[in-house]
Amino acid sequence: MLDNLSNRLSGVVKTLRGQARLTDANIQDALREVRMALLEADVALPVVKKFVNDVKERALGQEVIGSLTPGQAFIGVVYEELTRLMGAQNDALNLAAVPPAVVLMAGLQGAGKTTTSGKLAKRLKETQKKKVLLVSTDVYRPAAIEQLKTLAGQLEVEWFPSDVSQRPVDIALAAHDYAKKHFHDVLIVDTAGRLAIDDAMMAEIKDLHAAITPVETLFVVDAMQGQDAVNVARAFNETLPLTGVILTKLDGDSRGGAALSVREVTGKPIKFIGVGEKLNGLEPFYPDRMASRVLG
Ligand code: GDP
């Protein structure tokens, strides 16, 4: 995860760590390396520019130059700015609603919505002892409904039946009603995704959102999509009042730059990261830990 970025930045760290003095030229070199590293990791250009500028401003100030260990101080600034870029701290899932707390999963097809719905159900069941209900509103792909049913079976979490002849809003409302009557704490609503953003899909999920007023509207995005992930994130963020992001497939050979851009572009916290196909492959996202990892 973010290995290339990490390799490159740890090179900068090594060069600077022992320096007793930093000159303007040293700093410019280091900033150039940081910029290259971020661009190679597929971080969006405007995000890279802003990041490098922020680091530069601080690096040329007394905080770094005037420090007894300027190399260390520079690295400290990069660490702090990376952490800030990714959202500063972990934002936990918000379930503060009259039960059932509704969690709506949005994103493109293949992003990992269904798998992540299962992972989230497992997590809520095991770590918070929540009674969870899973429902799929993907009326375009019967296989998607079956996939969620299978996951629910594996997890021994209740699954609400749905069928391709129904309207997504009707399915969600029926599931909500059922969850209320049966005292479920959380209702996770998986939605249909298209291969690309289209108006019909956006209108449908907007209607769904309006009908069930979720407390969490999570945008699920594949980190392997690189720059594209940022564009998709922007489009969803403009359509829906997103409350958070789940970045999937960070275990793969993705360059991972999306992790650094998505927060900045949407202003919404990355709440979890997907780190494997298995149902335990979901972790809360900690910007500071990720920044430490990246700096090696
Ligand atoms: P959906 O169309 O958005 O519902 O996507 P799916 O949940 O069906 O996932 C698409 C593919 O991505 C499946 O093969 C999943 O196993 C895989 N997948 C989902 N999340 C992760 C992850 O965090 N890591 C890896 N390696 N694969 C994932």
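Ligands are counted one by one from 1 in listed order, and the atoms in each one are counted from 1 as well.
- Of the protein's heavy atoms, E277 OE1, 2.8 Å lies nearest to atom 16 (O) of ligand 1.
- Interface of G274 with ligand 1, defined as ligand atoms under 4.0 Å from a residue heavy atom, comprises 23 (O).
- Ring centroid separation for the pair F272 and F285 does not come in under the 6.0 Å cut-off.
- Near A111, meaning under 4.0 Å from any of its heavy atoms, are these atoms of ligand 1: 3 (O), 5 (O).
- Partner of T114 under the side-chain hydrogen bond (donor to acceptor under 3.5 Å, both in side chains) criterion, chosen from T150, D190, T191, D138: D190.
- What sits closest to atom 3 (O) of ligand 1 on the protein, heavy atoms only, is K113 N, 2.7 Å.
- Closest to atom 2 (O) of ligand 1 among all protein heavy atoms lies G110 N, 2.7 Å.
- A salt bridge does not link E158 to K131: none of the charged nitrogens lies less than 4.0 Å from a carboxylate oxygen.
- Atoms of ligand 1 found under 4.0 Å from any heavy atom of V275 (numbered from 1 in listed order, with element): 23 (O).
- Electrostatic pairing of E277 and K249 does not count as a salt bridge here, judged by no charged N lying under 4.0 Å from a carboxylate O.
- One N or O on the side chain of T266 and one on the backbone of K268 form a donor-acceptor pair closer than 3.5 Å.
- In this structure, of G107, G112, S136, the residue bringing a heavy atom nearest to atom 9 (O) of ligand 1 is G112.
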Go through the steps to decide whether N237 and F219 satisfy the test side-chain contact (heavy atoms from CB on, under 4.5 Å), and finish with yes or no.
CA-CA 8 Å; N237 194 44; F219 170 61; over 6 Å; no
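- The existence of a salt bridge linking K180 and D177 is excluded, since no basic side-chain nitrogen approaches an acidic carboxylate oxygen closer than 4.0 Å.
- The existence of a salt bridge linking D54 and R58 is excluded, since no basic side-chain nitrogen approaches an acidic carboxylate oxygen closer than 4.0 Å.
- Relative orientation of the H184 and H182 rings is tilted, given thresholds of 30° and 60° on the angle between their planes.
- Ranking the protein heavy atoms by distance from atom 22 (C) of ligand 1 puts G276 O, 3.3 Å first.
- Atom 26 (N) of ligand 1 has D251 OD2, 2.8 Å as its closest protein atom, hydrogens excluded (heavy atom only).
- Nearest protein heavy-atom contact of atom 20 (N) of ligand 1 is K119 NZ, 3.9 Å.
- Between the side chain of K113 and the main chain of L108, a donor-acceptor pair closer than 3.5 Å is present.
- Here D222 has no heavy atoms under 4.0 Å from ligand 1, in either its backbone or its side chain.
- Protein heavy atom nearest atom 7 (O) of ligand 1, with residue, atom name and distance: T115 OG1, 2.5 Å.
- Residue R141 has at least one heavy-atom neighbour below 4.0 Å for each of these atoms of ligand 1: 2 (O).
- Residue, atom and distance of the protein heavy atom nearest to atom 8 (O) of ligand 1 are Q147 NE2, 3.1 Å.
- For the ligand labelled ligand 1, residue L108 lies inside the 4.0 Å heavy-atom shell.
- Around atom 12 (O) of ligand 1, the closest heavy atom drawn from K278, M105, K249 belongs to K249.
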